[in-house]
Amino acid sequence: MKHEEVVAALKTIADTQTAAGISKDDLQDLKKYNLIDIDATEKVPVCTLTKKGRVMLKANSKDSK
């Protein structure tokens, strides 16, 4: 995944807590880098950002002035 794709995926997960539009391979990459947690005990798996994922999203969401 490219950097922009990772940030877009993190934003999607932060907003909806679902992996809508994100491939399974990309989800596994995000999980491998400890950016997300996946709770598969629910009917629809719930995705949440880890602290590392929140920091990365926040650092890349700032407007460049």
Side-chain angles (χ1 to χ4, degrees):
M1 292 179 77
K2 292 183 181 180
H3 181 75
E4 295 82 19
E5 293 170 339
V6 171
V7 173
L10 291 176
K11 182 166 176 29
T12 300
I13 291 170
D15 292 344
T16 63
Q17 292 188 342
T18 61
I22 304 170
S23 71
K24 289 184 180 187
D25 291 336
D26 290 344
L27 280 176
Q28 292 304 315
D29 285 343
L30 293 173
K31 186 172 177 154
K32 182 173 70 174
Y33 293 118
N34 295 325
L35 297 174
I36 64 169
D37 284 327
I38 301 173
D39 182 13
T41 60
E42 304 291 326
K43 250 186 183 179
V44 177
V46 176
C47 298
T48 56
L49 298 180
T50 61
K51 182 175 181 176
K52 185 177 177 182
R54 288 190 305 269
V55 168
M56 183 175 181
L57 179 62
K58 185 176 180 182
N60 289 287
S61 295
K62 294 187 179 200
D63 296 334
S64 57
K65 293 182 180 180

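Keep in mind the model is a prediction, meaning the values are calculated, not measured.
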Which pair of heavy atoms, one from [X] and one from [Y], lies closest together, and at what distance?
{"X": "Leu27", "Y": "Ala19", "answer": "CD1-CB, 3.4 Å"}
{"X": "Asn34", "Y": "Lys52", "answer": "O-CB, 3.7 Å"}
{"X": "Leu10", "Y": "Gly53", "answer": "CD1-O, 3.9 Å"}
{"X": "Asp39", "Y": "Thr41", "answer": "OD1-OG1, 2.7 Å"}
{"X": "Ala20", "Y": "Thr12", "answer": "O-CG2, 3.8 Å"}

Gap between atom [atom2] of [Y] and atom [atom1] of [X] - 0.5 Å precision:
{"X": "Lys31", "Y": "Lys24", "atom1": "NZ", "atom2": "NZ", "result": "13.5 Å"}
{"X": "Ile36", "Y": "Gln17", "atom1": "CD1", "atom2": "CD", "result": "12.0 Å"}
{"X": "Glu5", "Y": "Asp29", "atom1": "CD", "atom2": "CG", "result": "10.5 Å"}

Are Val55 and Tyr33 linked, directly or through intermediate hydrophobic residues, by side-chain heavy-atom contacts shorter than 4.5 Å (ILVMFWY only)?
no

Same apolar cluster (I L V M F W Y, side chains within < 4.5 Å links), Leu30/Val46
no

Taking Asp37 as the fixed residue, which of Ile13, Leu49, Thr48 is the one that meets the side chain to side chain contact (heavy atoms under 4.5 Å, CB included) rule?
Thr48

